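The chains referred to below are lettered A, B, ... by the order of the sequence lines, with proteins before strands, and numbering in each begins at 1. All figures in this text were calculated on a predicted structure; none of them were measured in a lab. The figures here come from the full heavy-atom set of this structure, side chains too, leaving out hydrogens, waters and symmetry mates.
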Protein chains: 2
Amino acid sequence: MKRDTRLSGVLHALLHMAEHDRAPMTSDMLAHCMSTNPAVVRRTMAGLREAGIVTSVKGHGGGWSLARDLSQVTLRDVYAALGMTTVFCIGHRNGKPECLLEQVANEAMDDALARAESMLVGRLNEITVASLSVTFHQRAALLTKERSSHAV
Amino acid sequence: MKRDTRLSGVLHALLHMAEHDRAPMTSDMLAHCMSTNPAVVRRTMAGLREAGIVTSVKGHGGGWSLARDLSQVTLRDVYAALGMTTVFCIGHRNGKPECLLEQVANEAMDDALARAESMLVGRLNEITVASLSVTFHQRAALLTKERSSHAV
DNA sequence: GTTTCATGTAACAAACAATGATACGAGAAA
DNA sequence: TTTCTCGTATCATTGTTTGTTACATGAAAC
């Protein structure tokens with residue numbers, strides 16, 4: 001199953017932008033972070049721009065910048081901005097089955113999937129991108145500390 | 001996103017088998033139910049056979065039969081029998097990222113996805129295939145009643 | 001004003017996974 | 001021996017995501 005890796009990608013990009021101190025980052029820079037190419041970055045980030053999470057500026061000195069404080073942006077916001085239609089690899093063989101048996105089976109699956117999806121979205125809504133940034137800084141500090149203690 | 005429709009398919013098949021009163025159903029019959037071809041049925045049902053949910057018999061008069069009472073088979077059992085590796089369309093861009101920022105982003109996603117998956121599996125575990133069969137019979141009876149009242 | 005840098009977008013190619021399709025071997029009943 | 005059926009391998013088809021290229025547009029620098 002081919003998975004949609006856009007959420008992973010844009011989160012990574014947002015965190016890099018947060019480290020980049022307000023200066024715009026070009027699609028090319030972000031593409032290097034995400035090991036892809038600039039067109040993919042533009043395509044993927046377009047949704048975030050429309051959602052008001054980032055802004056983009058053309059021309060010399062242009063690029064991508066954060067439009068909002070990341071403490072006001074949850075993973076759910078990012079997820080929604082990508083306009084993802086499906087969360088699950090699991091689907092129906094037949095959207096509108098005539099067979100009553102198939103209908104019953106599909107409804108049971110739908111119910112279970114809908115519950116899980118709402119759990120997922122609820123959880124994503126609890127996590128701000130800023131909190132990921134905090135985690136990153138904590139971990140980075142820890143690594144530095146470890147290294148210096150080894151050095152001693 | 002191309003979805004895996006096997007769970008939908010085999011649930012449908014199991015319900016048909018339950019209606020078929022212990023006589024084996026051939027791959028061809030099941031293929032017609034699922035509007036696919038026999039080879040797909042064999043391939044898909046193979047997991048259920050290995051899990052002891054169904055049996056298959058070769059040769060004249062052979063076919064597929066239920067190996068267990070469906071009140072002892074949950075949707076989770078069926079799901080597990082299919083050997084599905086992923087539930088979500090959402091994945092990582094990079095499985096083992098060097099970048100600490102990417103690691104943090106991926107971990108947050110993994111955590112949320114793992115919670116949702118465990119909810120899903122938990123819910124599937126609450127539903128027996130037999131209960132779907134019951135729902136079917138209730139609904140079928142209701143339809144018959146409606147039709148006769150319309151006739152009057 | 002021209003050049004350079006950057007996004008916006010379209011169009012197409014490549015990669016990949018699920019499903020469909022065909023074929024043939026093996027086993028069991030008629 | 002024939003017929004029926006599963007078991008399985010192989011290849012084609014389909015659909016989606018990602019990668020790639022190309023070019024128009026807009027903005028700053030010179």
Which of the following nucleotides, [options], is nearest to the side chain of [X]?
| X | options | answer |
| --- | --- | --- |
| B:Arg43 | C:dA21, C:dG8, C:dT4 | C:dA21 |
| B:Lys58 | D:dT18, D:dT5, D:dT3 | D:dT5 |
| B:His60 | C:dT22, C:dA29, D:dG19 | C:dA29 |
| B:Ala39 | C:dA21, D:dG19, D:dC4 | C:dA21 |

Rounded off to whole Å, could you give me the [atom1]-to-[atom2] distance for the [X] and [N] pair?
| X | N | atom1 | atom2 | result |
| --- | --- | --- | --- | --- |
| A:Met25 | C:dT7 | CE | C1' | 15 Å |
| B:Met84 | C:dA17 | CE | P | 14 Å |
| B:Leu30 | D:dT5 | CG | C1' | 13 Å |
| A:Met34 | D:dT17 | CE | P | 16 Å |
| A:Asp28 | D:dT20 | CG | P | 13 Å |
| B:Leu48 | D:dC6 | CG | C1' | 15 Å |
| B:Met45 | D:dC6 | CE | P | 10 Å |
| A:Phe88 | C:dA17 | CZ | C1' | 19 Å |

Is there a side-chain polar atom (N or O) of [X] under 4.0 Å from OP1 or OP2 of [N]?
| X | N | result |
| --- | --- | --- |
| A:Ser27 | C:dA6 | no |
| B:Thr5 | C:dA18 | no |
| B:Asn37 | C:dA21 | yes |
| A:Ser56 | C:dA6 | no |
| B:Thr26 | D:dC4 | no |
| A:Arg42 | C:dT7 | yes |

Donor-acceptor contact present, side-chain [X] to main-chain [Y], <3.5 Å:
| X | Y | answer |
| --- | --- | --- |
| B:His32 | B:Asp28 | yes |
| B:Ser35 | B:Ala31 | no |
| A:Gln103 | A:Pro97 | yes |

Are any non-hydrogen side-chain atoms of A:Met45 and A:Val54 less than 4.5 angstrom apart?
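A:Met45 vs A:Val54: side chains touch.
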
Is A:Glu107 salt-bridged to B:Arg139, going by a charged N under 4.0 Å from an acidic O?
yes

Should the side chain of [X] and the base of [N] be counted as holding a donor-acceptor pair, with the cut-off at 3.5 Å?
| X | N | value |
| --- | --- | --- |
| A:Arg49 | C:dG8 | no |
| B:Arg3 | D:dG15 | no |
| A:Arg93 | C:dT19 | no |

DNA chain D nearest-nucleotide lookup for B:Glu50 and A:Thr36: closer to the 5′ end is B:Glu50

Mapping B:Pro38 and B:Gly61 to their closest nucleotides on DNA chain C, which lands nearer the 5' end?
B:Pro38

Sugar-phosphate, base or nothing in reach of B:Arg6, heavy atoms under 4.0 Å:
sugar-phosphate

Set out, in order, the CA-CA distance, both residues' side-chain angles and the distance that settles side-chain contact (heavy atoms from CB on, under 4.5 Å) for B:Ser133 and B:Glu19, then state yes or no.
CA-CA 9 Å; B:Ser133 200; B:Glu19 298 302 309; 3.6 Å; yes

